[in-house]
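Structure first, commentary second.
As a basis for the values below, the full set of heavy atoms in this structure was taken, side chains included, without hydrogen atoms, waters or symmetry mates. Counting convention: from 1, in listed order, for ligands and their atoms alike.
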Amino acid sequence: MAAPEELQLFRKLGIGAKFDTKRFRKDAERSQMITAQVTPTVSKEEANKALDFFDDSEDSLQLLGDIKASEKKKKKRKKKDMTVDKVEQIEQEKLSEFRNKKRIHVQGADIPAPVTSFQELQGVYGIHAQILNNLQGLGYDEPTPIQMQAIPLMLQRREILACAPTGSGKTAAFILPILHHLQEPRRQGFRAVVVSPTRELAKQTFTWFQRLGEGRGFRTYYIEKPAQAAKKFGPNSAKKFDILVTTPNRLVFMLKQDPPIISLHNVEWLVVDESDKLFEEGKQGFRDQLGAIYQACDSSHVRRAMFSATFAYDVEQWCKLNLDNVVTVGIGARNTAVDTVEQQLLFVGSESGKLLAMRELVRKGLTPPVLIFVQSKERAKELFHELIYDGINVDVIHADRTQTQRDNTVKCFRTGKIWVLICTELMGRGIDFKGVNLVINYDFPTSAVSYIHRIGRTGRAGRPGKALTFFTEDDLVHLRGIANVMREAGCEVPEYMLELKKANRKERRFLEKKAPKRKSISTTPKMFVDKAVRKRKMIEKSKKMQGKTRKNEAVQPGSSTANTDEQNKVAGSGGNRKSTEQETGNHKEDKPHGKKGGTGKYRTEKSLSGHTNGKDLNKRLKKRKQANKNTVKS
Ligand SMILES: Nc1ncnc2c1ncn2[C@@H]1O[C@H](COP(=O)(O)OP(=O)(O)OP(=O)(O)O)[C@@H](O)[C@H]1O
C-alpha cells in the first residue's frame, strides 16, 4: 500500500486526468479519486469534505498550470451551489416529514416553517412575553397543528384560508397574530375585526381576546345592541377601541346608517370565522353582508383570514381570486369528524320512538353535560316541555329566547347548573363547552357538514366524547352521508348504509335547506297547547300596553311584570316571531329584550328549582294529569 504522502501527490497530479476505470479502478479507488462519483447521495458533511479536497487541489493547479483557473472556479461554485441546494432539500424534506406527522397540508408559495413550541414564537417573531404568559396560564403547553402553521403565516402577514377539525384551537390561531400585530392600544379605531355567524360564538371569541390579551391593554368591543353601540361610538369614542367582534348583520346595520356609525377604514386584519357558513347565500347565509364588510375594510394594507372546521369549494375559489398570494392550510382529511368522538346511530322507528329512546337513556342514567340537537325552535320548545316534566335538569336555547336568557342559559350550562341543554343549529358551530360528555342528535342533521359541527361540541381539544344520532325512515336520504363521516372517523357502520342511493349535488343542496316535516314531539293535546298560546299572546299584548303606560309614566323597565311575562313567553310552546335560527339582523329584537333585565335569570332559576323543588314539580305533574283527564272526557 502506498504511503499517504504518495497518495496525496498522486491525487494532485492526477487531477483533470481521465482514468480508464476498468484498468486502473483499483488505483483510482485507493487514491480516492472516483469515490465521489460513485456515491449516489452525499450528506452535508460529506459534501463539505469534498469541497475541502478541491480547495487543497487549487494550489496544485497553479503549480501544475494544466487547467485554467476560471474553469476551476466555475466548478468550485457549482459544487458549492449543489451543497447549498442539498442542504435546502434536506431541510424541506424534514419540514414535509414534520407536516405529514402533524397532518398539516399547505398549498401556496413561500410558506414559513411551522413552529413547534410557543417559545419559538418569541425567539423568531418577537411575540410579547405577556401573551406567552397568558397562554401558559390557560394551560396551552404546546401549539396544536393549526396553530403551528397558521400563526407563523399570519405573523408574516399572509392571507390564509384555514380548515382544521372542530375543537382544534383555531380561535387562538387567529387571536395571537392579531394581538402581536396590533402591538399596543392606539386611538385609531378598530384595527381588527372578527366576524362570527352567531352571537354566542361572537361573545365567546370576545372572551378569548380578553383572556389571551390580558395585561396588554387592548380594548375589544362586541356589538350586542347596535343602537347602544351607536351611542357609544359617537364620532370620536369608537377610536378608543382596537378590536371588534361581531355577527355580520349587526355590523352591516351600523355600516349602512347614514352617515355610517362605525368606521372600518383602519382595519388591518379581517377574520371570518366559520367562513363556509358565512359564505352561504340566501336566508340562512351571510354572503351579502360579508361583501359589505369586505368592502368597508378598505385600507390598502388590510389582510384577511378565513377559518372553519369544514371546507367549501366556493370559499376556496373566492379566496384564490380575491386574496393576495393566499395560502391554504388544512389539518387532516377534509370534512371529517374528530376521532376522539365515539359515534353511534340508533334507529328509533318513529317520532314517538325518539321520545321513548330519550326516556330510556334518562332511565339508564345520562352522564352530564349533555347537548341535544333538534331541527327547529318549535321542536326545541316541545322537547323542553316533555323533559322538564321528567324531572331532568334541562334548559333550552333557540332564537326566540331573549339575548339575556340565551346568555344565562349558556352560563348555567358552562357552570354545570344545567345538565342537559336542548338547542337548535344555533349552537352547532364554534361553541366551546368544556367537557360535553354526550351530543344527542334527536333530529337527524340535514347535511354531513352540520353533523360534523354538531358532534364537534364534544371530543374537543383531544378529550373523549360520545355522539348518538336517532334516525327514522324519514332520514334515510341523509343517512349515507353521515355513515360515511362515521366510517372515516373509524366508527362501525352497517354496510347497507354505505350502499344507499347517493344524492347528487343539487339534491343535497335542496335537502340541506329543508329538514323533513316531522310529527310534533309534544304529548300534550293540541287544544291545551293552543290555549297556552292564546294565553301567552294575551299576556304579551297586555305587557305591551303596560310598557306604553310605563313609558308615559317614565318608569324604568325591567320590573317584576316583565319577568312574569318573559317566563310565560318561554313556557309557551308556539312562537309567532319570524326570526331564523341564525342571527337574524332583526334589530327590533335587541330593543325590547335588552330592557328585560334579569328575566333570563329568573327563568333559569325557575327551571332549576323545578328539579330541586319536588313540590313545584308535583304541582305541575298534577296539572298535566288533570289536563290529560279532561281531554279523555271531552
Ligand atoms: N394549544 C392548546 N393547548 C391546549 N388547549 C388548547 C390549545 N389551543 C386551544 N385549546 C383549547 O381547545 C378548545 C377548543 O378550541 P377552539 O374553540 O379554538 O376550537 P376550534 O378549532 O375553533 O373549534 P370549532 O371548529 O368547533 O369552532 C378550547 O377550550 C381551547 O381553550
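- Between K203 and E224 there is a salt bridge, since at least one side-chain N of the basic residue sits less than 4.0 Å from a carboxylate O of the acidic one.
- Closest to atom 21 (O) of ligand 1, if we only count protein heavy atoms, is K170 NZ, 2.8 Å.
- Heavy-atom proximity to A309, at under 4.0 Å, picks out these atoms of ligand 1: 25 (O).
- Between F174 and F209, the two ring planes are tilted [angle within 30° to 60°].
- At a heavy-atom cutoff of 4.0 Å, ligand 1 is contacted by the side chain of R460 but not by its backbone.
- Nearest non-hydrogen protein atom to atom 8 (N) of ligand 1 is Q147 NE2, 2.9 Å.
- Interface atoms of ligand 1 facing R457, defined by a heavy-atom separation under 4.0 Å, are 26 (O).
- Atom 23 (O) of ligand 1 has its closest protein heavy atom at G167 N, 2.8 Å.
- Taking every non-hydrogen atom of E274 and a distance limit under 4.0 Å, the qualifying atoms of ligand 1 come out as 27 (O).
- Every atom of ligand 1 with a heavy atom of W208 under 4.0 Å away is listed here by number and element: 31 (O).
- Checked by distance only, ligand 1 and A164 stay at 3.5 Å or farther apart across all their nitrogen or oxygen atoms.
- Between W318 and Y313, a ring centre-to-centre spacing not shorter than 6.0 Å is recorded.
- Looking only at protein heavy atoms, the nearest one to atom 4 (C) of ligand 1 is Y140 CD1, 3.7 Å.
- Nearest protein heavy-atom contact of atom 16 (P) of ligand 1 is T171 OG1, 3.5 Å.
- Contacts between F307 and ligand 1 below 4.0 angstrom, taking non-hydrogen atoms only, are absent altogether.
- Salt bridge annotation for D273-K170: absent, with no cationic side-chain nitrogen under 4.0 angstrom from a carboxylate oxygen.
- The protein non-hydrogen atom at the shortest distance from atom 27 (O) of ligand 1 is G430 CA, 3.1 Å.
- At a 4.0 Å heavy-atom cut-off, ligand 1 does not touch H453 at all.
- Panel note: side chain R158, backbone P152; no donor-acceptor pair is recorded below 3.5 Å.
- Atoms of ligand 1 lying under 4.0 Å from at least one heavy atom of K434, given by number and element, are 29 (O).
- Using a cutoff of 4.0 Å between basic side-chain nitrogens and carboxylate oxygens, R216 and E184 are not scored as salt-bridged.
- Salt bridge annotation for R186-D242: absent, with no cationic side-chain nitrogen under 4.0 angstrom from a carboxylate oxygen.
- A salt bridge links R287 and D314; the closest N-O separation between the charged side-chain nitrogens and carboxylate oxygens is under 4.0 Å.
- Contact analysis puts S168 in contact with ligand 1, with a non-hydrogen atom separation below 4.0 angstrom.
- More than 12 heavy atoms of other shown residues, nucleotides or ligands fall within 6.0 angstrom of atom CD in Q317.
- A salt bridge does not link E97 with K101: every distance from a Lys NZ or Arg NE/NH1/NH2 to an Asp or Glu carboxylate oxygen is 4.0 Å or more.
- Taking a cutoff of 4.0 Å between a charged side-chain nitrogen and a carboxylate oxygen, K277 and E425 do not qualify as a salt bridge.
- Shortest contact from atom 12 (O) of ligand 1 to any protein heavy atom: A461 CB, 3.3 Å.
- Between W269 and H181, the two ring planes are parallel [angle under 30°; tilted spans 30° to 60°].
- Close to ligand 1: E142, with a non-hydrogen atom less than 4.0 angstrom away.
- When heavy-atom distances to ligand 1 are checked against a 4.0 Å cut-off, P165 comes that close only through its backbone atoms N, CA, C and O.
- Scanning all protein heavy atoms for the shortest distance to atom 29 (O) of ligand 1 gives D432 OD2, 2.6 Å.
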